[in-house]
A.B. asks: 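The following block contains the structure, expressed as structure tokens.
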There are 2 protein chains.
Amino acid sequence: MDDSRFFESDTVTADDVAAEAGVSRWTVARAFKKDASISKKTRQKVLAAAERLGYAPDLLAASLASDRSNLVAIVTDDFSNPHKLVMLERLTRILRREGWGTLLVNMTGDADASSALLAASQRRVDAAVVIGTRFDDRALHTALGARRVKKLIIFARLSQNPNTLNIACDDQAAMRAIADHLLARGRRRPLFVAGPDTQSAKLDRKPGFLAYWRERTGTTPPAIHVSQYDFLCAIDGILPALEGRAPAEMPDVLVCENDIIAIGAMDGLRHRLGLRVPEDIAVTGFDDIPLAASPAYGLTTYRQPITNMAEALVEILEGKRSGDAILPGLFVARSST
Amino acid sequence: MDDSRFFESDTVTADDVAAEAGVSRWTVARAFKKDASISKKTRQKVLAAAERLGYAPDLLAASLASDRSNLVAIVTDDFSNPHKLVMLERLTRILRREGWGTLLVNMTGDADASSALLAASQRRVDAAVVIGTRFDDRALHTALGARRVKKLIIFARLSQNPNTLNIACDDQAAMRAIADHLLARGRRRPLFVAGPDTQSAKLDRKPGFLAYWRERTGTTPPAIHVSQYDFLCAIDGILPALEGRAPAEMPDVLVCENDIIAIGAMDGLRHRLGLRVPEDIAVTGFDDIPLAASPAYGLTTYRQPITNMAEALVEILEGKRSGDAILPGLFVARSST
DNA sequence: AAGGAGTTTGCACGCGAGTGCAAATTATTC
DNA sequence: GAATAATTTGCACTCGCGTGCAAACTCCTT
């Protein structure tokens with residue numbers, strides 16, 4: 001291996017490749033561009049020269065010159081849910097495969113949304129994808145940064161904001177599947193356990209479940225909110241609502257807004273209240289995080305179509321889609337019901 | 001609110017601000033630069049003008065013009081460990097606070113390392129931080145992309161590669177703390193459960209534990225490897241090693257390389273083998289992921305000093321540090337021992 | 001008030017590549 | 001083989017801002 005180049009002035013530009021290949025700089029650019037008008041032979045020649053020199057196009061300069069950067073910002077404010085990791089993995093993998101870079105921006109709380117979007121826009125991202133739980137949906141379009149971002153996409157949530165695009169799971173269909181399953185198993189007294197009730201883009205899970213349950217049984221189930229999407233908070237939020245209830249008053253299933261809450265609920269039920277799941281009380285979640293499949297939990301849940309959602313995102317980025325994408329997921333029955 | 005600007009030709013440049021403030025473009029740049037030679041009064045004037053126009057410096061153009069981008073790539077290949085989420089959160093938060101952007105690159109397997117680093121270098125990152133488990137450490141410096149990256153940092157692992165910098169937890173000190181604790185609790189027959197034995201940058205946990213245990217007791221404990229850092233794989237990897245052992249042959253503690261393996265181990269012990277933790281067998285982990293604190297696991301573990309590690313990274317980025325950073329963490333005793 | 005030190009401001013040039021159009025080359029037709 | 005169409009190549013200009021240096025200015029001293 002020739003390591004001498006390692007210490008050379010490293011930056012090899014399109015000009016160098018052009019000289020090496022005996023063509024002009026613009027021909028070099030064409031060789032690297034899909035569907036460019038260039039002959040096969042020339043492209044081969046240029047690519048070979050580039051290979052020899054170790055050239056790779058500078059995406060920064062390209063972004064500056066053109067009006068697209070092939071960069072998308074993922075702006076998120078909640079790192080306590082393992083499901084976020086699943087989404088990040090899927091998004092980064094698919095985006096990279098399709099030629100997009102990913103800027104990860106940590107939005108530290110509601111007040112930071114504006115500054116987080118600004119930070120993204122300063123890097124000229126082609127789109128910002130918000131995967132958050134605590135931002136103020138309504139304030140988004142007045143945010144300093146938001147109006148500088150070409151496309152603003154709310155991922156895995158539903159926003160009413162007319163300036164944003166939604167990519168989400170079909171919560172209503174999901175909750176119908178869950179409710180049908182529970183009714184078939186003879187559950188009659190559900191308690192819906194939702195996450196924090198913020199101003200952010202919402203989920204359709206709670207309204208979806210309550211409405212459909214009412215439609216099927218004539219009664220609207222009770223619901224509570226826990227303070228954060230975090231299983232310790234879930235335990236703390238759920239126990240006060242259950243302790244001291246007469247047996248007949250106890251719900252026979254906790255329908256949780258997501259898996260993290262459901263897992264906190266199971267832990268609380270088992271280890272604090274000494275109840276058995278599913279014998280004494282059933283539990284359902286949402287997301288199908290890896291832990292849901294563990295023998296300790298065996299959580300009945302609903303898997304979001306993350307891959308399809310990521311592909312919908314790509315369609316939006318490529319301008320092939322201009323409307324919301326509300327996609328169906330997959331109901332997963334396990335032992336917790 | 002005046003929304004008219006929303007539809008205007010949006011890009012307001014330093015020239016516009018200069019005109020508005022009645023100064024030159026370069027003075028505008030100075031107003032936005034810390035420690036620049038500019039009078040307080042002029043800076044105020046410029047910032048006010050910028051505010052009025054909604055101007056923010058274009059970091060892309062800045063990166064192109066200068067030789068730094070204030071961008072760092074986080075290159076990772078393992079999204080199944082919730083601890084990754086903790087690291088990502090801490091890194092992105094601290095980096096952003098210090099003025100650095102974060103590019104997240106999903107490295108899909110060993111063979112992809114070169115291309116992942118290339119992708120990062122094409123965006124002119126000032127450094128690439130590798131947080132991986134499956135890449136080939138030795139091949140890193142021959143990687144096409146690696147030599148185009150100014151600084152290559154291995155995070156939370158130890159690399160022998162002379163061209164990289166390591167930022168990691170002091171595994172040896174950690175394992176001493178764990179061993180001391182176990183010995184004090186009367187455990188005598190540990191089984192070390194490590195992750196996959198790859199060519200990637202290693203951890204010092206297994207050698208550290210075995211050596212120290214031998215030093216204290218005169219015997220080297222046995223060790224096994226599981227195929228992935230994933231709790232289902234951990235269950236599958238551990239059970240065959242334990243099933244069918246005579247009681248006297250059973251280890252009295254599983255010392256696991258990280259929490260994910262430990263949690264898989266606990267699940268397997270309890271739900272497959274019907275053993276009690278810690279009565280029949282103790283378990284220790286590493287990382288202190290959120291789930292470790294749940295009542296269901298109460299895992300004794302060791303917390304990596306992620307915040308300090310992130311700050312060490314910033315020091316490296318700023319050129320204030322040029323050597324490895326091996327930092328002490330915190331031993332956390334819970335009910336699993 | 002002149003001289004000098006220290007501070008503040010302006011400017012030419014370059015970073016690396018995309019765009020749209022014109023020139024040059026090749027392929028096709030009669 | 002000439003004329004035409006189709007393809008391929010080259011180029012001026014631009015994107016928004018940093019660098020290093022020189023000019024201009026402020027303030028203080030004597």
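All values reported here derive from a predicted model rather than from experimental measurement.
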A.B. asks: Give the rounded distance in Å between these two atoms: CD of Gln122(A) and P of dC17(D).
C.D. replies: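 To the nearest whole Å, that distance equals 10 Å.
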A.B. asks: In whole Å, I'd like the distance from the NZ atom of Lys33(A) to the P atom of dT9(D).
C.D. replies: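 Result: 15 Å.
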A.B. asks: Need to verify one output field. Residue with the more 5' nearest nucleotide on DNA chain C, Ala62(A) or Arg25(B)?
C.D. replies: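 In this pair, the answer is Arg25(B).
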A.B. asks: Side-chain N or O of Thr42(A) less than 4.0 angstrom from OP1 or OP2 on dT9(D)?
C.D. replies: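 Yes, within the criterion.
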A.B. asks: Give the rounded distance in Å between these two atoms: CG of Leu64(A) and P of dG18(C).
C.D. replies: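 These atoms are roughly 11 Å apart.
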A.B. asks: On a heavy-atom basis, which atom in Val46(A) and which in Ala21(A) lie closest, and how many Å separate them?
C.D. replies: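 Here Val46(A) and Ala21(A) meet closest at CA-CB, 4.1 Å.
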A.B. asks: Do Thr92(A) and Thr76(B) come within less than 4.5 Å of each other through their side chains, counting heavy atoms only?
C.D. replies: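 SC-SC contact between Thr92(A) and Thr76(B) ruled out.
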A.B. asks: Once you round it to whole Å, what is the distance between P of dT25(C) and CZ of Arg30(A)?
C.D. replies: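 To the nearest whole Å, that distance equals 15 Å.
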A.B. asks: Rounded to the Å, how far apart are Asp16(A) CG and dG16(C) C1'?
C.D. replies: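 After rounding, the gap between these two atoms is 11 Å.
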A.B. asks: So, OP1 or OP2 of dT8(C): does either fall under 4.0 Å of a side-chain N or O from Thr27(B)?
C.D. replies: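 No, because none of the side-chain N or O atoms of Thr27(B) sits under 4.0 Å from OP1 or OP2 of dT8(C).
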A.B. asks: Taking C-beta and beyond as the side chain, do Asp324(A) and Leu165(A) meet within less than 4.5 Å on heavy atoms?
C.D. replies: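 Yes. Closest side-chain heavy atoms under 4.5 Å.
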A.B. asks: For Leu47(B) and Phe32(B): C-alpha separation, side-chain torsions, deciding distance, then whether side-chain contact (heavy atoms from CB on, under 4.5 Å) applies.
C.D. replies: CA-CA 8 Å; Leu47(B) 291 183; Phe32(B) 279 89; 3.9 Å; yes
A.B. asks: In this structure, how many angstroms lie between the P atom of dT14(D) and the CZ atom of Arg68(A), rounded?
C.D. replies: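 Roughly 23 Å, once rounded to whole Å.
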A.B. asks: Just compare dC17(D), dT19(D), dC15(D) and give me whichever is closest to any side-chain atom of Ala65(A).
C.D. replies: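 That would be dC15(D).
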A.B. asks: Determine whether Leu71(A) and Val125(A) make a side-chain contact, defined as any pair of heavy atoms from C-beta on separated by less than 4.5 Å.
C.D. replies: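 Side-chain contact under 4.5 Å: yes.
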A.B. asks: Using side chain to side chain donor-acceptor pair (under 3.5 Å), reason through Asp78(B) and Ser80(B) one step at a time and then give a plain yes or no.
C.D. replies: CA-CA 6 Å; Asp78(B) 169 32; Ser80(B) 67; 2.9 Å; yes
A.B. asks: Select one nucleotide: of dG10(C), dA17(C), dC15(C), the one nearest the side-chain heavy atoms of Ser24(B).
C.D. replies: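 Looking only at heavy atoms from C-beta outward on Ser24(B), the closest nucleotide is dG10(C).
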A.B. asks: How is Tyr55(B) classified with respect to the nucleic acid when contacts are heavy atoms under 4.0 Å: base, sugar-phosphate, or nothing?
C.D. replies: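 Sugar-phosphate, backbone atoms only, no base.
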A.B. asks: How far apart are the closest heavy atoms of Phe135(A) and Ala113(A), and which atoms are they?
C.D. replies: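 Distance-wise, the nearest heavy atoms are CB-CB, 4.5 Å.
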A.B. asks: Using the C1' atoms of the five pairs at each end, what is the angle between the end axes of the helix from dA1(C)-dT30(D) to dC30(C)-dG1(D), to 10°?
C.D. replies: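 One end axis against the other gives 30°.
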A.B. asks: Could you tell me how far apart Lys40(A) (NZ) and dT25(C) (C1') are, to the nearest whole angstrom?
C.D. replies: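 Going from NZ in Lys40(A) over to C1' in dT25(C) covers 19 Å.
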A.B. asks: 5'-most contact on DNA chain D: Arg43(A) or Asp67(B), nearest heavy atom basis?
C.D. replies: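 So the residue in question is Arg43(A).
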A.B. asks: Without decimals, in angstroms, what is the distance between Leu59(B) CG and dC17(D) P?
C.D. replies: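 Spelled out: CG on Leu59(B) to P on dC17(D) is 10 Å.
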A.B. asks: Just compare dT8(C), dT8(D), dG16(C) and give me whichever is closest to any side-chain atom of Asp58(A).
C.D. replies: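 For the Asp58(A) side chain, the nearest candidate turns out to be dG16(C).
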A.B. asks: Which listed nucleotide (dA17(C), dC11(C), dG16(D)) is nearest to the side chain of Trp26(B)?
C.D. replies: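 The answer is dC11(C).
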